[in-house]
There are 2 protein chains.
Amino acid sequence: MKILLSHGDGGKLTHQLIDEVFRLAFQDKELDQQGDATLVEARSGHLLISTDTFVIHPLQFPGGDIGKLSVSGTVNDLAVSGAQPAYLTAGFVLEEGLEIGTLKRIVHSMAAAAKEAGVRIIAGDTKVVEKGKCDQMYINTTGIGFTNQPGRLGIGKIRPGDRVVINGGIAEHAVAVLSERGGISFSSPILSDCCVLNHLVKQALEKFESIRFMRDPTRGGIATTLKEISVSAGVDILLEEERIPIKQEVKGALELLGIEPYYMANEGKILFVVSAGEADAFIHFLRSIPGFEMAAEIGVISEGNGQVLLKTLTGGTRNLGMLSGAPLPRIC
Amino acid sequence: MKILLSHGDGGKLTHQLIDEVFRLAFQDKELDQQGDATLVEARSGHLLISTDTFVIHPLQFPGGDIGKLSVSGTVNDLAVSGAQPAYLTAGFVLEEGLEIGTLKRIVHSMAAAAKEAGVRIIAGDTKVVEKGKCDQMYINTTGIGFTNQPGRLGIGKIRPGDRVVINGGIAEHAVAVLSERGGISFSSPILSDCCVLNHLVKQALEKFESIRFMRDPTRGGIATTLKEISVSAGVDILLEEERIPIKQEVKGALELLGIEPYYMANEGKILFVVSAGEADAFIHFLRSIPGFEMAAEIGVISEGNGQVLLKTLTGGTRNLGMLSGAPLPRIC
């Protein structure tokens with residue numbers, strides 16, 4: 001069975017698709033209401049809202065698919081902003097001719113990631129476009145979360161002397177996607193790090209008072225994200241190449257491809273800025289969690305004017321800018 | 001200047017596009033923060049949330065464009081659900097090669113519609129896909145609104161004897177889009193009815209206590225929307241063809257095309273279910289508002305089991321089902 005243009009016309013087939021694919025997988029009483037909007041309760045007076053459209057190619061890659069990515073990407077954006085993610089909406093653009101079996105697989109993968117994160121998918125929309133006007137499917141997810149500590153985190157709280165910590169090896173998502181695209185296989189398969197991180201963040205915020213700021217280094221990699229932070233905070237960030245965690249096989253693959261890892265997308269990593277005093281205990285905590293054994297301090301905040309300086313293995317210093325002119329399109 | 005793949009890589013050009021196009025047009029202090037999520041205050045304990053992706057072809061049509069449509073569509077979905085729309089997110093999928101001038105025009109049109117509705121666009125996302133993987137641009141908007149009367153409206157409140165009222169002529173949006181697509185011009189140009197309706201709804205709810213339910217008959221037209229209502233409420237709806245308002249030129253155009261108006265999309269219309277006692281005063285109120293002079297009672301709710309029965313001009317009765325098998329793709 002394939003997606004037809006009629007699946008998007010708002011009539012019989014649209015209703016059938018909603019019933020047999022989306023409601024079945026997402027199982028939420030709010031979706032069963034089928035209203036124009038969904039009523040939910042505010043859990044606190046402060047909402048955090050985030051939106052992201054996923055256009056990744058290919059739909060499936062080692063370690064995940066567009067469904068898992070579309071849920072974890074938005075959940076993680078809420079979490080690093082200090083919210084408890086609560087609700088997601090899902091907007092689909094489907095290409096005429098898409099196998100409904102493929103759609104079902106992706107939607108089940110969204111449902112599984114939402115369950116793991118403890119968020120509900122409470123509203124959705126489906127559009128169908130003609131063959132050749134989309135690449136199988138694009139998914140927008142918009143997330144709503146709540147916080148009782150709206151002022152706790154902020155780029156303005158970053159101080160010289162603070163440490164930059166990451167919860168594991170970099171560039172895994174990008175390398176997994178590139179290997180799938182290129183049909184390259186490695187002796188030890190490289191999986192995307194794509195995962196939901198809200199439970200980790202919740203624990204971290206409960207245990208470590210001095211966490212100042214968090215951001216997930218997705219598109220543009222850690223270099224672009226740290227550059228954004230350094231410019232917004234008006235500080236310099238001094239990175240030590242030898243301390244930046246990267247799995248051996250990821251490093252090897254990137255050397256083979258002639259690409260460096262600092263601009264490569266991650267989907268399960270967070271850059272934390274934490275006080276010098278708590279940094280060691282924080283890393284110890286992270287490493288105690290399965291999957292984050294490679295957590296490390298990778299740099300220090302210093303007074304400055306928005307530079308990200310990398311002390312290289314050979315003893316030199318490189319000034320890292322934002323990603324520019326070497327795009328890896330559709331990595332998320 | 002055209003959209004390049006690099007505009008979507010999260011690096012320098014992405015930041016430039018955000019600054020020069022989106023922040024400039026939307027002018028919101030929250031967008032200036034450029035966080036992963038946006039913090040806003042809940043105005044009440046009850047949120048209403050709605051999401052919609054817009055894939056309309058062509059981007060511009062008589063009476064509107066995808067920008068105006070993407071804001072008013074989501075604002076109206078919130079409004080008919082009883083919410084005061086407050087915040088919107090905007091997720092863009094752009095095709096490589098799109099003229100940046102076109103994007104700017106569309107974005108300014110979104111900003112104008114948001115201003116008219118009194119909503120803020122507080123978060124966004126931009127992706128770029130290769131030429132041929134999208135048709136110029138698709139826009140997802142997700143809306144958040146608030147209500148202090150979460151139980152006021154509901155399909156379960158509909159009672160036999162209630163009246164169905166519409167605020168003006170049907171099928172204008174669909175005919176405007178079809179005429180643009182076909183390059184057909186009529187002696188009196190037919191404009192889409194696309195507009196924001198939240199101010200109208202607010203006034204209506206303040207003045208007319210017996211409004212039970214509202215829904216905007218977009219994709220699938222009034223027939224599909226009324227069928228959804230009749231099935232969900234477990235009632236029949238008896239329509240009188242001669243009372244259904246339609247502009248003469250719209251009727252003429254549809255006769256020419258051999259299409260009937262009941263399944264044609266509207267983007268500025270609402271079907272209201274109101275008590276028999278208040279119906280006349282409500283129509284009088286609607287007609288007093290510029291643009292809604294054609295408001296009319298078009299039918300009555302009766303006991304039944306989900307049928308929509310149309311008493312035709314020739315005295316017969318037709319049983320209207322949902323739109324099925326005659327799609328007009330990408331009408332919204």
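Side chains are part of it too, since the values below use all heavy atoms of this structure and drop only hydrogens, waters and symmetry mates. Each chain gets a letter, A, B and so on, in the order its sequence line appears, and its residues count up from 1.
Heavy-atom distances place both the backbone and the side chain of A:Ser50 under 4.5 Å from chain B. A:Glu228 touches chain B through its side chain: at least one heavy atom from C-beta onward sits under 4.5 Å away, while N, CA, C and O do not. Contacts of B:Asp135 with chain A are made by both backbone and side-chain atoms, with heavy-atom separations under 4.5 Å. Interface remark: A:Val40 contributes backbone and side-chain atoms alike to the contact with chain B (heavy atom separation under 4.5 Å). A:Phe146 touches chain B through its side chain: at least one heavy atom from C-beta onward sits under 4.5 Å away, while N, CA, C and O do not. Contact annotation for A:Leu4: neither backbone nor side-chain heavy atoms come within less than 4.5 Å of a heavy atom of chain B. For a residue to count as touching a neighbouring chain, one of its non-hydrogen atoms must lie under 4.5 Å from one of that chain's; by this rule A:Ala90 touches chain B with the backbone only. The part of A:Thr224 that comes within reach of chain B is its side chain, from C-beta onward, which places non-hydrogen atoms under 4.5 angstrom from that chain. With a threshold of 4.5 angstrom between heavy atoms, A:His57 does not approach chain B through any atom at all. Proximity to chain B (any heavy atom under 4.5 Å) is shown, for A:Asp52, by both the backbone and the side chain.
Within the 4.5 Å cutoff, side-chain heavy atoms of B:Ile144 are placed close to those of A:Leu47. Contact annotation: the side chain of B:Val129 approaches that of A:Arg330 to within less than 4.5 Å [non-hydrogen atoms, C-beta and beyond]. Taking 4.5 Å as the limit, every side-chain heavy atom of B:Val55 sits out of range of all side-chain heavy atoms of A:Val128. Contact of the B:Lys12 side chain with the A:Leu323 side chain is not registered, since no non-hydrogen atoms from C-beta on lie closer than 4.5 Å. Residues B:Ile49 and A:Thr89 meet the side-chain proximity criterion, which asks for heavy atoms closer than 4.5 Å.
Most heavy-atom pairs under 4.5 Å with chain A: of the set B:Gln136, B:Arg215, B:Lys227, this distinction falls to B:Arg215. Among B:Pro150, B:Ser232, B:Gly220, the residue with the largest count of heavy-atom pairs under 4.5 Å with chain A is B:Pro150. Of the listed residues (B:Thr126, B:Thr74, B:Thr14), the greatest number of heavy-atom pairs within a distance under 4.5 Å of chain A belongs to B:Thr126. By number of non-hydrogen pairs under 4.5 angstrom with chain B, the leading residue of A:Val93, A:Leu13, A:Leu78 is A:Val93.
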Can B:Ile331 and A:Asp9 be said to form a side chain to side chain contact (heavy atoms under 4.5 Å, CB included), step by step? CA-CA 8 Å; B:Ile331 202 76; A:Asp9 67 9; over 6 Å; no

Step by step, would you call A:Thr147 with B:Leu39 a side chain to side chain contact (heavy atoms under 4.5 Å, CB included)? CA-CA 9 Å; A:Thr147 179; B:Leu39 183 75; 3.9 Å; yes

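Rounded to the nearest 0.5 Å, atoms OG (B:Ser324) and CD (A:Gln16) are 9.5 Å apart. The CG atom of B:Asp36 sits 9.5 Å away from atom CG of A:Asn76, with the distance rounded to the nearest 0.5 Å.
Checking side-chain atoms of A:Arg219 against main-chain N and O of B:Gly8 turns up a donor-acceptor pair under 3.5 Å.
In terms of heavy atoms, B:Phe92 sits closest to A:Thr53 at N-OG1, 4.5 Å. Nearest heavy atoms, A:Ser44 versus B:Ala42: O-CB, 4.0 Å.
Figure legend: A:Lys127 and B:Tyr138 shown without cation-pi pairing, the cationic atom not lying both under 6.0 angstrom from the six-membered ring centre and within 45 degrees of its axis.
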